[in-house]
Amino acid sequence: MLLTVFIYLSIVAFIGLSLYKAYQFANMPMHGRWELYPVPKEPGERGHYGGSYYEDLEYWNKPREVSHSGEIIDMLKEMLFIKNLFVNQKRQWWLSYALHLGIYFLGLWTVLLAVGAIMELSGLPITTAEGVSSNGLASLIYYVTLISGGVGAILLGFGSIALFFKRSLNNSFAKYTTPQEYFNLFFLFAVVASGLVVWSGDPGFNYGREIFKALFTFSPVAADAALTIHILLLGAVMIYIPQTKMSHYVGKYFAFHKVLWDNDPNIRNSQMEGVIKQAISYKPKASWSAPHINPAAGQQDKK
Amino acid sequence: MADIRPQDIGKPSEQLSKIENLMSLPAPYDKPGMEPGFKPLKDSWKDDYCTTLDGFVGNEALQRPKTKEEEEAFVQGFLRGLEKLFSNETNRNYLQPFLLSFEYCAKCNTCSEACHVYKASGEQEIYRPIFRSEVLRKIAKKHMKGDGFWTRFNGGDIDINVETILRLGELAYRCNLCRRCAQTCPLGLDNGLLAREIRKIFSMELGIAPKPLHEKGSMLQLKTGSSTGITREAFLDMMEFMEEDLYERTGKKYKVPIDKKGADILLTHNAGEFMAWPENPAAFTILFEEAGLNWTLSSEMIGYDNVNYGLFYDDAQTRKIGLQQVKAAKDLGVRRIVVAECGHAHKAAMVSIDRALVGEDNIPRESFLPLLLDVMKKGVYKLDPKRNNFPVTLHDPCNIVRMMGVIQPQREIIKMVAPQFREMYPHGAKNFCCGGGSGFAIMNSFNFPDFRNKVSSRMKFKQILEAFQGVMEDDAPKYVCAPCSNCKGAIRDILEYYQATAKFNVHYGGLVELVVNAMVQFDKPFLEFLDEEEWIAEHVNK
Ligand code: SF4
Ligand code: SF4
């Protein structure tokens, strides 16, 4: 039963800590504009070549056009394909993308395991004593789970260990890599390796569905030593990730949306002006000490 | 010291890094003897300034502490300032972008390839965009978390001593804040921003910033009205002189409207133009007057200088100057402010100060580019592009393209007046900095101009040479159009340094001069270097 509780705890920690990170960023004070073009929400060609409403005469008298589709497409390209890395550093992209694609496949695999578990709980077994169920939907779930889990594990395992070695052996990377960054990659690899051990004993990932069934019914997970180690490592990494910079899935959202692509102009009597009014009414409780900012601080230093 | 790591920044040595293999330049600068060498470092500088980073001194206000107590106060002051970067109270305006860039770097090195300083220097490690960011991270981690196992595990392994801080203070001025690196970052992080945050610690906490930016820049501007030191009286004299000069050049009497209450447009110039390139405000006068625009200049405090050097190093100065500039417009009751040919002034007036203005202060501000294009499209000026029938290339000021997204209007304008226009590559939002960005153009102390001309401006010089490949050695004039005061300063210096004007007839100037030069109503070229009988006979159809 302890394992069941631990799994719940790690899921809650992963989601909760990630949301808390997002909450912290979302609640920071309004910052000065720091956009960087191209901004994909600029409509049409502008979103590509890097133009903005500042190219229009008296832009403040024109309706502001925003291309949400442009923004979403760019966001998806970045999320699904890590476009910027692909365009600017292909060699690194292969390894990094393997790792990230592996995680996406494993995400799909997790969802499919949960779906499979629900189906089994509702009386539609995915596998029977004779093998994979003859039911079309059940066998579809079985095979897609198998493929996504297998491909995901191999990609993530390869990506993490390949990046680990690249970081260790390529001097330009090694110089900037902290012990924790090696540890992070190795940790991911260790989780995959422990998973591969478990998987080798049950290639159909039936153990995964059993775990979800235990979670849904809040009953003990039946686990041998290998599975127990795998669950502990996986749970630990889920608790650990949001507390490290591996939580860049949160940071990246804010870096693009709230900084580089945030070019909404402050037009007289607009909603933005209202937000700004509110923000600039804040009176900071501390100040910098240079003489041109706070002459009194300099005097105090001298005393 | 070969193979430098960020941790080495505090290790004692005569000079941490030395530039040896500069990026090569294309023909005709690929031959030996075409480029002057670095000026040697003077021993007398070593005691007082930080010469130990790379042998250049850019920040003359960054002086070596003389006693142990001074050293301690210097380091502690830096650390106090560093803490303020992380505070909601003291860094409200940049907290979010700062923390994102501080926290999330994956050290993937994608940004290195985008940096012209790193590439031009022959890939000197200390100029790699993440080098200085990583030094900052290490100092912050060690200072805030103590010197234990977990700190080192987390990358806080660095000596925080006077050498570390001095070198970082210089290193903050080896980045043009051009943000080209940030365009390539898969996580949207910004090493340019971090370089600026480091500059802020020195300026806002310790009062240390290069004199041309601070003492003789923003402080002088707040005191006299202009970073050039031009007072109101001097400005008025200059305008009178400019009117006379315009009469001499064009044979037509133009009156510069000054302090015209209720005008539609307040035009703001970088006051450096009045001194170094008066033909630029003169060309604006012609264009605005000929178009019958209802415009004015301001002679009020800071109203005649759109410079805002605070942008490069200090938020408090940015704000003070920005608000004063808006006040000048408000006092005149103009409908809009139009910013003339100055890149950082564009960004300062339109982007940086945007979220500080409300109510009556929130006067619309725009670039001169869409306005000029609109007037030209209406056919207001009679133009003969043949008057500009020589190779012309266009430099994009980072602040206008990458940081504001104004890219097409200048191209449409230039294509209307320059038949031999050719782009540099890359251009537009992906351009390279002129090498003078973030204050470098006016930082001329000690041997810093060598760094600018040979390293930070090198990529731009390469682009210029490439744009003129095939015609470089022809007698015909060639023109680098740079619609920005600071960029013009940097380009002037490289053309001089490499003797490109003397040897290859390469000139530089703004965009409006090129437009006026094409106006058929004048019987003399507006660009002085064309003022030769032969050229006039061939190109200026009366
Ligand atoms: S590209 Fe971004 S994540 Fe990669 S090293 Fe540069 S700043 Fe860090
Ligand atoms: S901002 Fe520009 S100069 Fe500075 S590190 Fe980035 S690319 Fe290099």
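When reading the values below, keep in mind they use all heavy atoms of this one structure, side chains included, and skip hydrogens, waters and symmetry mates.
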Parallel, tilted or perpendicular, as decided by the 30° and 60° cut-offs, for the rings of A:Tyr240 and A:Phe183: perpendicular
Ring geometry between B:Tyr94 and A:Trp34 (parallel below 30°, tilted from 30 to 60°, perpendicular above 60°): perpendicular
Interface moiety of A:Tyr282 toward chain B, non-hydrogen atoms closer than 4.5 Å: side chain
Toward chain A, the part of B:Glu134 with a non-hydrogen atom under 4.5 Å: side chain
B:Leu193 versus chain A, the contacting section by heavy-atom distance below 4.5 Å: both
Quiz item: cation-pi between A:Lys90 and A:Phe86, 6.0 Å / 45°: yes
Aromatic ring pairing B:Phe102/B:Phe86, orientation class (parallel under 30°, perpendicular over 60°, tilted between): perpendicular
Contacting moiety of A:Arg167, where chain B heavy atoms sit under 4.5 Å: side chain
Per-residue contact mode, A:Leu163 against chain B (heavy atom under 4.5 angstrom): neither
Sole candidate of B:Lys138, B:Lys141, B:Lys142 that passes side-chain hydrogen bond (donor to acceptor under 3.5 Å, both in side chains) when paired with B:Asp157: B:Lys138
Structural part of A:Trp60 lying under 4.5 Å from a heavy atom of chain B: side chain
Side-chain heavy atoms of A:Trp93 within contact of A:Gln89, under 4.5 Å: no
Side chain / backbone / both / neither for A:Tyr49 at chain B, heavy atoms under 4.5 Å: both
Part of A:Asp264 lying under 4.5 Å from any heavy atom of chain B: both
